[in-house]
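Single-structure report; data block below.
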2 protein chains.
Amino acid sequence: MKRKLTLKSIAKELGVSISTVSKALRDSPEISEETREKIKAYAKLYNYKPNNIALSLKNRKTNTIGVIIPQIVHHFFTTVIYGIEQEARENNYNVIICLSNNAFDKEVLNMELLANGSTDGFILSVSKETMMKEDYHHLNEVIDQGMPVVMFDRVVEGIQCDRVLIDDKAGAKKGVSHMIRSGCRKIGIITSEDYVSVGRLRTEGYLDALDDFGIKADDNLILKLDNIDDLSDKSKKRIEDFITNNDLDGVFTVNELFAVHASRVINALGKKIPDDISLVCFTDGQLSEHAVPSLTAVSQHGEEMGRKAASILINKLESAEDEEEEYSTTYIDTSLVERESTKEVTRR
Amino acid sequence: MKRKLTLKSIAKELGVSISTVSKALRDSPEISEETREKIKAYAKLYNYKPNNIALSLKNRKTNTIGVIIPQIVHHFFTTVIYGIEQEARENNYNVIICLSNNAFDKEVLNMELLANGSTDGFILSVSKETMMKEDYHHLNEVIDQGMPVVMFDRVVEGIQCDRVLIDDKAGAKKGVSHMIRSGCRKIGIITSEDYVSVGRLRTEGYLDALDDFGIKADDNLILKLDNIDDLSDKSKKRIEDFITNNDLDGVFTVNELFAVHASRVINALGKKIPDDISLVCFTDGQLSEHAVPSLTAVSQHGEEMGRKAASILINKLESAEDEEEEYSTTYIDTSLVERESTKEVTRR
DNA sequence: TAAGAGAACTTAATCGATTTAGTCGCGTAA
DNA sequence: TTACGCGACTAAATCGATTAAGTTCTCTTA
């Protein structure tokens, strides 16, 4: 086992001072050509790399971004992380990932931990519990210490930070409009209770689309389930009843899971997708792509979201500290991925 | 914006020396009760937390685990990370995640970067390119510097490190045996070329199962595709032909994607799952769970794998440096999750 | 020839913490 | 009265790097 090289060990070996070594390696003109070459050759030979921790301490800069997300076993978050990582790497930043598991306490703990020198800034999507509690002291503390924060997806108001959001409303509208254009007239939506912001926004988009085409909304065609991340037996039953009891020709769901179950129910009723009923869901993940029939989906572009969040954060980190504080809100566009679960729109 | 407290600022404020503050906060008996209380009260009031970077530098220990994986938009890796994070958090470790994107250069770069002080050890699954190149100098260098390494899933031989593996062979055997017990006699396997180790091992498990039940293997019933992570049009076609041209009553696939496509093909042929053909796949992810019909799958327990890898690494990190070096290989057991794609086994 | 310039280094401070090795004053014992 | 011990601190070294502020020594120039 060989010890890592340090400036000190190189200096000792070559019989010069530490600062000479440091300056030589950084091409300072203060050091003679000869000495510089000698030191550089030695450093190269033994593969010297400065210690990141020491640099961080000295520079008061870690070049590390802290990412805090509610869960990682989740396709969307995973794509966002992928985007963050790409952007970070290109700008020489590391990414530390912490999971809050949707728990307030863990979110606070993780933030405090990382805030004590481990990271220069944060990218986070707040946990469900935090949203319910509406306690954001940990965010404010971190921001107060001068660390920039970028929130994505699940954002809250009243925090001095940048935001990157999916345009949920426009996305849902896009999906529902597509169904209408393809001939659907009686479209139901399977969404969440309004207190889940994405559910509310997507429902609004749905209503908007109907309105645009002069279709009257009907409360009976709106099914609000209470958990958007999971599919309980009770929810399954409600989806079954919803589809069985309404004579729909289209169903829009706010996530893949609801759609997959809807597809199953429609299938069981002996109806054909998309001939009898069209199906479109929000979120373009594995399920939409590989389901049978594959599902037309509103794609969220998580990767782009991650890249954008990282780029905003890095920008803040690299810009002058005393610059005027302005906080932006960026909407990431969605796009519609057409697959087997919808009919083609015949264009004029 | 308020600056973070440091020992120095506290010392100045209270008119004592830095070391007095440090000692007081660490309950040293050298400091008088009175002074200690005063300092602790002040620190608590202003929420003093020591700077991690300074501690890392001083202790030559970062309490951070570096995780390097080929890709993150992948359910299995995601579950492993989840396990790693759980175990790490419980032991007060942070997790830095880097993606190699299956590229050798990125893997090397990331490792070198993290090795310069950012982490105490590594958990990694080597990239495809690294396996092909068989160039492991970056691993050896890191190990040579005394950093423990734990490899998981995609491991290579000849490296001084611990290994955590899925018992691919036993898992496949479990799945195939189940099909046989449920009545299947002509079972095909859709696997990868042998140079992909998981493909090879799972094929071996398949053969083992047949052998156990005295069923003769038939090379025509083994389809080897060249990419396990993706499903090219060419591969789709080959799966179609494979299923159409062989009169199978069971299909085992080494991943979900192959199974989903197989299911589609079987469906298109007008055959019923599981009545006409049973279907079992390796990897229990979203697709198996939500496909229609849902798929019986060999579950890999990624979370357990992550936990185990982290626990081994942390153990190495916490144990005396000069302890005898012994490297373990741990197999994580698989389990069979029975779903709609197989018939029930009538037990005696 | 002595001062000044400049080349080529070294010293030392700094980042924020820990810890070993002093220091200082006071009380007690020989 | 001196010396020793002890309580309660402080000073300084250390981790590994950077960098402002010295220090030498040589060479130039008035």
Side-chain angles (χ1 to χ4, degrees), chain A residues 2-40 43 46-64 113-120 145-146 321, chain B residues 2-40 43 46-64 113-120 145-146 321:
Chain A
K2 64 178 182 214
R3 228 347 184 308
K4 269 242 138 182
L5 280 195
T6 64
L7 290 187
K8 201 178 180 180
S9 66
I10 297 178
K12 198 170 160 196
E13 197 60 38
L14 298 183
V16 292
S17 77
I18 295 176
S19 55
T20 303
V21 178
S22 173
K23 285 174 180 166
L25 293 176
R26 320 191 94 236
D27 276 322
S28 160
E30 274 183 78
I31 308 300
S32 71
E33 183 81 25
E34 192 194 3
T35 313
R36 221 192 305 161
E37 288 311 319
K38 187 178 67 183
I39 292 174
K40 287 180 121 178
Y46 292 103
N47 194 28
Y48 168 78
K49 293 270 166 58
N51 180 305
N52 293 329
I53 295 291
L55 284 177
S56 296
L57 182 59
K58 177 69 183 156
N59 302 335
R60 297 142 140 278
K61 175 122 178 44
T62 61
N63 267 62
T64 300
L113 202 75
L114 295 190
N116 290 320
S118 301
T119 64
D120 297 335
Q145 280 163 31
E321 299 226 346
Chain B
K2 64 178 178 213
R3 229 348 185 307
K4 270 240 135 181
L5 280 196
T6 64
L7 289 188
K8 200 178 182 181
S9 66
I10 297 178
K12 196 170 161 197
E13 197 61 38
L14 298 184
V16 291
S17 77
I18 295 176
S19 51
T20 303
V21 178
S22 173
K23 286 174 181 167
L25 293 176
R26 321 193 92 238
D27 276 322
S28 159
E30 274 183 79
I31 307 302
S32 70
E33 182 81 24
E34 191 194 2
T35 314
R36 221 189 308 160
E37 288 310 322
K38 187 178 68 182
I39 292 174
K40 286 179 122 180
Y46 292 103
N47 194 29
Y48 168 79
K49 294 270 166 58
N51 180 303
N52 292 329
I53 295 290
L55 284 177
S56 295
L57 183 58
K58 178 71 182 152
N59 301 334
R60 296 141 138 281
K61 177 125 176 41
T62 61
N63 267 61
T64 299
L113 202 78
L114 295 190
N116 291 320
S118 302
T119 64
D120 296 336
Q145 279 162 31
E321 300 228 344

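The chains referred to below are lettered A, B, ... by the order of the sequence lines, with proteins before strands, and numbering in each begins at 1.
- Distance, B:Arg60 CZ to C:dT19 C1': 15 Å, rounded to whole Å.
- Here the side chain of A:Asp120 pairs no donor or acceptor atom with the backbone of A:Lys61 at under 3.5 angstrom.
- The distance from atom CD1 of B:Ile53 to atom P of C:dT18 is 14 Å, rounded to the nearest whole Å.
- The heavy-atom pair separating B:Ile18 from B:Leu7 by the smallest distance is CG2-CB, 3.9 Å.
- Within 4.0 Å of A:Leu7, counting heavy atoms only, lies at least one base atom of the nucleic acid.
- Across the interface with DNA chain D, nearest-nucleotide mapping of B:Ser32 and B:Asn59 shows B:Ser32 to be the residue nearer the 5′ end.
- When all heavy atoms of B:Gly117 and A:Ile53 are compared, the closest pair comes out as O-CG1, 3.0 Å.
- Counting all heavy atoms, side chain and backbone alike, A:Asn51 lies closest to A:Ala54 at OD1-N, 3.0 Å.
- B:Lys23 contributes atom NZ, which lies 12.5 Å from atom CG of B:Leu25 (distance to the nearest 0.5 angstrom).
- Taking 4.0 Å as the cutoff to heavy atoms of chain A, we find the contact window on DNA chain D bounded by D:dC15 to D:dA21.
- Here C:dA7 presents its P atom at 17 Å from CD of A:Glu34, a figure rounded to the nearest Å.
- Summarising the geometry, the separation between CG on B:Asn63 and C1' on C:dA17 is reported as 15 Å, rounded to the nearest angstrom.
- Near-neighbour residues of DNA chain D inside residues 12-28 of chain A, defined by a heavy atom below 4.0 Å, number-ordered: A:Ile18, A:Ser19, A:Ser22, A:Lys23, A:Arg26.
- One atom, NZ of A:Lys38, and another, C1' of C:dC9, lie 12 Å apart when rounded to the nearest Å.
- Taking atom CD1 of A:Ile10 as the reference point, atom P of C:dT10 lies 14 Å away to the nearest angstrom.
- At a threshold of 4.0 angstrom between heavy atoms, the contacts of A:Ser56 with the nucleic acid are absent.
- Remark: the backbone N or O of B:Leu5 is not paired with any side-chain donor or acceptor of B:Ser9 at under 3.5 angstrom.
- When heavy atoms are screened at a 4.0 angstrom cut-off, A:Lys58 is found touching base atoms of the nucleic acid.
- Taking each heavy atom of B:Thr64 and B:Ser118 in turn, the nearest pair found is CB-O, 3.5 Å.
- The shortest side-chain heavy-atom distance between B:Asn116 and A:Lys4 falls under the 4.5 Å cut-off.
- Here the closest heavy-atom approach between residue B:Asp27 and residue B:Arg36 is recorded as OD1-CD, 3.7 Å.
- For B:Glu30 and C:dT20, the CD to P distance is 10 Å, given to the nearest whole Å.
- Under the 3.5 Å distance criterion, the side-chain polar atoms of A:Asn52 are left unmatched by any main-chain donor or acceptor of B:Leu114.
- Comparing the local axis fitted to the first five base pairs of the helix from C:dT1-D:dA30 to C:dA30-D:dT1 with the one fitted to its last five gives a bend of 100°, rounded to 10°.
- Shown here for A:Thr62 and A:Ser56, the closest heavy-atom pair between the two residues is CA-OG, 3.6 Å.
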